[in-house]
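Presented below is the structure to which this report refers.
Owing to the predicted nature of the structure, the values given are computational and were not obtained by experimental measurement. Chain A is the first sequence line, chain B the second, and so forth, proteins listed ahead of strands; every chain is numbered from 1.
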4 protein chains.
Amino acid sequence: MRLTEVKTQRAFEAISSQITERIRRGDLRAGDRLPNERELAQAFAVSRHAVREALRSMESVGLLHLRKGATGGVFVSGGRPEAVAEAMRGMFYVGGISLAELTEARLEIETAVLRLVCGRLDEAGLALLEDNVAAAERATEAGDNGAKVTLNIRFHELLATLTGNTVLVVVMKALLDILREFAQRVGPVTEMDVIASRRRLLRHLRAGRQDSAVAELVRSLRAVHRHYLGALKGRGAAAPGMPGP
Amino acid sequence: MRLTEVKTQRAFEAISSQITERIRRGDLRAGDRLPNERELAQAFAVSRHAVREALRSMESVGLLHLRKGATGGVFVSGGRPEAVAEAMRGMFYVGGISLAELTEARLEIETAVLRLVCGRLDEAGLALLEDNVAAAERATEAGDNGAKVTLNIRFHELLATLTGNTVLVVVMKALLDILREFAQRVGPVTEMDVIASRRRLLRHLRAGRQDSAVAELVRSLRAVHRHYLGALKGRGAAAPGMPGP
Amino acid sequence: MRLTEVKTQRAFEAISSQITERIRRGDLRAGDRLPNERELAQAFAVSRHAVREALRSMESVGLLHLRKGATGGVFVSGGRPEAVAEAMRGMFYVGGISLAELTEARLEIETAVLRLVCGRLDEAGLALLEDNVAAAERATEAGDNGAKVTLNIRFHELLATLTGNTVLVVVMKALLDILREFAQRVGPVTEMDVIASRRRLLRHLRAGRQDSAVAELVRSLRAVHRHYLGALKGRGAAAPGMPGP
Amino acid sequence: MRLTEVKTQRAFEAISSQITERIRRGDLRAGDRLPNERELAQAFAVSRHAVREALRSMESVGLLHLRKGATGGVFVSGGRPEAVAEAMRGMFYVGGISLAELTEARLEIETAVLRLVCGRLDEAGLALLEDNVAAAERATEAGDNGAKVTLNIRFHELLATLTGNTVLVVVMKALLDILREFAQRVGPVTEMDVIASRRRLLRHLRAGRQDSAVAELVRSLRAVHRHYLGALKGRGAAAPGMPGP
DNA sequence: GTGGTCTAGACCACT
DNA sequence: GTGGTCTAGACCACT
């Protein structure tokens, strides 16, 4: 007799996979409301507690959304891009992703992003980028490092957004999310003029010179990443783990 | 008057952010064991239940791992790449990511992957790829469609792995994870000979012809993606939501 | 591992601390009008109910004042000294403050008050005190015990007021507020002539004999307090808790 | 016909005064549990909202305590000394209490406190004070200003505690609570050696020289208060309102 | 011994 | 009125 390994599924897992499957099949769509906790507990013949653990874990991966109050309840989420970022962050904290890998991946993906953008950029998109650079310049002159970092990261997010591709946006945001902490602690890159580089990049974009634009971006990112890696090494420790506050 | 939105923090969120922060700072590292649930509840001055919800959500994003039994306990995870895939999948199910975006992003990222690989490929890597293609060929001849799909997807994962960059591996796996379901249901691409295309790709790689390799990959992926998109359209509905089982 | 107690903030607390902070910083001053409840609810992104609870608790500690009607609204209070008295009363009812502690503290603080007053008393102030004593004498002769008690307590408040120091006024009022209940129920002190003692006190004050004035006050207060404590003991029970109506 | 002004009592006030009255009479004592919200609403024939507002305001003045969970409910509080401090703070923020009044009142009350302590101080109490001064000295040497401020304030609280009189403790804490913010922002007093002054004070206490002890305390407090008042004036604005963060 | 599950009951929040 | 959040304490299942 062939016996298959028994895999005890925890109660909450059985619940969450059942709900997930219904979402996957399209029976449940974004915005749909599930029965309340008490009813779910009854339907699954488990305690409310087990239901809550299941809902909680589905909430944390962005499939559900729990809302309190009279109009509250359990809803199928409309997507939670931060869930991807959080999971990626976990990989960085404990999963053996090094800063070097992170920056390399970012360089490759952002290069691809920029190539896509070149073919789709219109006047409105260019204006957004130019506004960002102008604001970053003002922040730099005002010595407002916090605003400067935020605006610089925003520039890269903008590029991703201009591809019109949500997947690339989500992935880029996840990577930038982790790099943001470095940027804020490591302080400004001194060996190059970021604003001037951005200006050159925008000129290339406006003129449709894709290869020059990519080259400019690569040069700039390489400098920034060298800066991060140097700072990390300077601290000696902590290949895994981020610099403390 | 400037008033900011009130954000009440739930107990389990306060707990998980406190633990996450200690992981981020490097105080807790992969493999470390946390106090048990009862002790955590006492330390945080909350119920065990609140602790469990926090642990559960951290487990689902891949930061912790819970193990039952006498030698069990709560451990800092060594990374859970599937967490990224799950979160991405959530975005696809409910978050408005279309198949078109998914395939476009995949094309761009895999192209970048291939370029990286070209510069680093050694004999061992090439052998792995060739073995994969050989096995896929046998599966095709044997008419074993399941094995064929698995091996084809494995080919793309192999490419990512050969970059040596975990971030790219994780991202590619997340994308392939979603595409796998399509591949299995849509059936084999008929308008092209995948095995032949792979062979050409490997020849280019072996000869160091990066641009030709990329061109071959792009051509192949475009065909596959057209195939998926066509199948989806054929079904009429369900831009969001996957075809049922 | 160092873990700190989790403190979840309730919605109404988040609201009240945000408004309190703006008052503390001086952004909001006495008399200023806040947006109405509906607007506040919108600004904080909570229900009107949560806003009301926050406003209510701030009203009860004397930071806000809610006024009904067409010209009504939520206003920053100009101070509510009774709030201190109420909180102190709470400590007496349930917080383990004994009558003995209360009377001791009162003796010490009122002594300090009298010393301050000695240095600042002018003719107008003396006249106020003398008027009070005269009125108390008339009430005593008329056998109007209620008026007598009120006027006697008023005498002590007057002393505090004559320091010109609001803090001392508020603290003294808080203590007298609690003692008033005793005075009204315990009935008049019989072992001494309060009016005569007051007259001596005023003569010392007029003559600038600070130490004699203080001695007279102390003697008088001690007698009264003995009276209270004796009455309480007579009832047997209720160190905490007040004698019933 | 004599008509008395109509005073519409709001629903929540009627509720809270009814409960307060029962506490005052001793029917309800610290630790007692009240019926739950729904039952109270029914008993008072009002909405649960009105009940909640009443409970909330009684919680903020320290008469009740609300606890969540299975063993939760509405309980008569065992006293909340911070309620007095909060109310006093409100008076300072908006009620026209000036820093000058605050420091004067503190000087008077703490002087009275010290006099009381002189008559009751035992070896254990002296040891507590000496330990505090020693710790403050270490913090000063280590340049840890935060710890220094905390320890210095703690010294004054200790003095109050050593009177054994809860009223004085509560009042002193209320005053110190407001002064703490100044101490932290204004920075250390430079014109005098606080530690040396404390040492002299303790020597006087140990030797039973009450007047010298008081004189030393007064001198020290005057210097500190001058420091605060000078800093406030330096800022130009904000007699009401505290210096911003 | 530790995570997993369960129960009953209460506050918290929203409309 | 409805539903989410939290609590205390118990037993079960696994190693």
* Atom pair CE (A:Met58) and CD1 (A:Ile19), whose distance is rounded to the nearest 0.5 Å -> 5.0 Å
* **Neighbour count >12 (heavy atoms, 6.0 Å) for atom CD, C:Gln42** => no
* Contact nearer the 5' end of DNA chain E, comparing C:Ala50 with B:Asn36 -> B:Asn36
* Structure fact -> Stems for DNA chain F (at least 3 consecutive Watson-Crick or G-U pairs, under 3.5 Å) come to E:1-14 with F:1-14
* Asked: Just by distance, with hydrogens left out, do A:Ser57 and B:Ser57 show a side-chain donor and acceptor under 3.5 Å apart?
  -> no
* Asked: Does the pair B:Glu39/B:Arg48 count as a salt bridge with the N-to-O cut at 4.0 Å?
  -> no
* Could you give the distance from CZ (A:Arg52) to CZ (B:Arg52), rounded to the nearest 0.5 Å? -> 13.0 Å
* To do: Tell me which of B:Gly72 and C:Arg10 sits closer to the 5' end of DNA chain E, going by the nucleotide each one is nearest to.
  => B:Gly72
* Closer to the 5' end of DNA chain F via nearest nucleotide, is it D:His49 or A:Arg48? -> D:His49
* Asked: Where does the chain A footprint on DNA chain E start and end, counting 5' to 3' with a 4.0 Å heavy-atom cut-off?
  -> E:dG4 to E:dT15
* Asked: So, B:Arg56 and B:Glu37, do they make that salt bridge, N to O below 4.0 Å?
  -> no
* Should the pair B:Arg24-A:Glu86 be classified as a salt bridge under the 4.0 Å nitrogen-to-oxygen rule? -> no
* Answer yes or no: does atom CD of B:Gln9 have more than 12 heavy-atom neighbours from other residues, nucleotides or ligands under 6.0 Å? => yes
* **Which residue lies more 5' along DNA chain F, comparing B:Arg38 with B:Gln9 via nearest heavy atoms** => B:Gln9
